[in-house]
Structure formats: structure tokens, C-alpha cells
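Reviewing the structure listed below.
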Amino acid sequence: MADDLSAVARFLYEVGTLKNTARTGWWMAGVKQPESVAEHSWRTSLIASIIAKLEGADPARAAFLAVWHDTQESRTGDVNHLGKRYSPAADPEAVTADQTAGMPELLASTLQELVAEYEGKNSVEAVCARDADKLECMLQGLEYKAQGYAGAQRWIDNSRARLTTGTGRRLAEELQGQGPLDWLRAALGEKG
């Protein structure tokens, strides 16, 4: 039935688990309590909207893509890059198809197409969202490094190297030139 929202309700409970799903790669950098997938996705969506606006793309569409980019991890967990060498990652499009089974067709097809667009880099907004994913990881690495996790440098370097948009690369340079509390100093009117 098109009006049956029971599958949608189940999905909303399911994706709530992402608030408690740690981004496991940070454990290798020594971070004992890393950010959650939900925290990562939230800031990624903000960054995607910024990159898209500055790249002349649709910021709302880029943010929409970014906020959904890791929803599959409610089923697969966050498998870090080393883990993927031993256990191939599940296909995000197949996982999304399973997650949306039973949802109203309009919603299910929209979400499936959204994930396919992101995974296939099928639009400028998808490219912006993917850059946002990398930039958010780099930014998180900079924050962890400032907290004393020297091992985060590997994530900073790898994420920066994977940026493709001009805006993403310029933001990366700016982020590396600032510290995590420079925003507070500026807001308080303090001199550097």
C-alpha cells in the first residue's frame, strides 16, 4: 500500500543506530572514542552545501546526497580501508535497495536513485558531496591531531590527496593553515 509507512518507521529506527556507530579507522590512529557515522554525515552535508554553492552547483542537492552517503552503514557497520582488503565492502546501492524495500515506491526509488547518483559521481553535486566526505575526514583528522593523535596525519594527507574540486582543495589549504580554536578567537575579537 502506497500510504503504508511501517517500512519507513523501521528505517528511521535503523538509521538511528548510526549515532552509536563509530568511524573505526580512527582507532588505528589511537583515537579511543572516535566520532560516529551520524556526526560525520552531518558535517559532511554542511561542507557539501558550501562546496556546491562555491562550485556553482545546487547546494541543497549536494547536502541531500551527502547526508545519505553512509546510511548503508546501519547494516554493514563502518568498515575501514584496511578491513575492506579482507572483507569486500557491500554494494551501497544493493544495501539501499534492501533498506527501502516496502517503502512507498516514490520514496524508495528516490533514495535508490540518490545513492546511485552519489556512488556513480553522476552529477556535479555528487562530486561536491564526495569531496565533502573527504574534506570532513581531513578536518576531523586535523582536530584529532590537535588533541595529540599524531597518527591522524595519515588520514589528513590521504583525504587531501583525494579532493577533486577547486573549492575542496582551497578549503583544505585554509583548514590546514588554521587551528581548531581559531574560530573562537576570531568570534571573541582576539588577535592571533
Side-chain angles (χ1 to χ4, degrees), residues 15-74 76-84 118 121 124-192:
V15 294
T17 66
L18 295 174
K19 294 191 288 183
N20 300 312
T21 303
R23 303 240 314 144
T24 63
W26 292 116
W27 290 333
M28 290 179 220
V31 179
K32 291 182 181 19
Q33 294 182 319
E35 66 173 337
S36 72
V37 172
E39 290 166 318
H40 162 73
S41 294
W42 173 76
R43 187 159 62 175
T44 298
S45 67
L46 292 177
I47 295 169
S49 67
I50 291 167
I51 292 173
K53 186 66 177 178
L54 295 175
E55 288 287 317
D58 180 352
R61 180 73 180 176
F64 190 38
L65 288 157
V67 81
W68 286 90
H69 85 281
D70 279 340
T71 55
Q72 306 80 21
E73 292 182 10
S74 64
T76 64
D78 178 59
V79 180
N80 60 57
H81 288 289
L82 179 59
K84 289 177 184 176
Y118 178 85
K121 304 175 209 166
V124 67
E125 289 82 7
V127 171
C128 291
R130 294 180 74 84
D131 253 24
D133 181 37
K134 305 307 176 250
L135 193 61
E136 199 289 325
C137 185
M138 187 194 109
L139 178 54
Q140 186 64 61
L142 289 165
E143 291 169 337
Y144 285 146
K145 187 175 177 187
Q147 293 171 18
Y149 297 105
Q153 187 64 50
R154 177 182 187 85
W155 282 259
I156 295 166
D157 295 341
N158 288 341
S159 296
R160 183 171 183 168
R162 296 169 71 193
L163 295 170
T164 62
T165 64
T167 301
R169 289 191 294 270
R170 287 189 352 256
L171 274 171
E173 185 175 330
E174 188 61 43
L175 287 166
Q176 287 191 292
Q178 293 187 23
L181 290 180
D182 285 355
W183 71 269
L184 180 59
R185 289 182 196 93
L188 294 173
E190 296 174 359
K191 302 289 186 230

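Because the structure is a prediction, the values reported are computed rather than measured.
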Step-by-step side chain to side chain contact (heavy atoms under 4.5 Å, CB included) determination, Q147 to Y144: CA-CA 5 Å; Q147 293 171 18; Y144 285 146; 3.8 Å; yes
Spacing of [X] atom [atom1] and [Y] atom [atom2] [to the nearest 0.5 Å]:
X	Y	atom1	atom2	answer
R162	M138	CZ	CE	14.0 Å
D157	Q153	CG	CD	4.5 Å
R23	H40	CZ	NE2	4.0 Å
L171	L54	CG	CG	7.0 Å
D133	I47	CG	CD1	9.0 Å
E136	S45	CD	OG	10.0 Å

Audit row: L181, W183, side chain to side chain contact (heavy atoms under 4.5 Å, CB included) steps and yes/no: CA-CA 5 Å; L181 290 180; W183 71 269; 4.3 Å; yes
Donor-acceptor contact below 3.5 Å, side chain T71 vs main chain W68: yes
Side chain D131, main chain T165, donor-acceptor under 3.5 Å: yes
Restricting to non-hydrogen atoms, name the atom on [X] and the atom on [Y] that form the minimum distance, rounded to 0.1 Å.
X	Y	result
R169	T164	NH1-O, 2.6 Å
L139	L175	CD1-CD2, 3.7 Å
A22	D78	O-CB, 3.5 Å
E35	W26	OE2-NE1, 3.6 Å
A152	A29	N-CB, 3.9 Å
L163	G168	CD1-O, 3.4 Å

Any side-chain donor near an acceptor of the partner, E73 and T21, under 3.5 Å: no
NZ/NE/NH1/NH2 to OD/OE distance under 4.0 Å, R43 and E143: yes
R185 and D182 ion-paired at < 4.0 Å: yes
Side chain to side chain contact (heavy atoms under 4.5 Å, CB included) between Q33 and W27, worked out: CA-CA 8 Å; Q33 294 182 319; W27 290 333; over 6 Å; no
I51 and L135, any side-chain heavy atoms less than 4.5 Å apart: yes
Any W155 side-chain heavy atom under 4.5 Å of M28 side chain: yes
Full working for side chain to side chain contact (heavy atoms under 4.5 Å, CB included) between E55 and E125: CA-CA 9 Å; E55 288 287 317; E125 289 82 7; over 6 Å; no
E173 atom CD: more than 12 heavy-atom contacts under 6.0 Å: no
Geometric class of the Y118/H69 ring pair [parallel <30°, tilted 30-60°, perpendicular >60°]: tilted
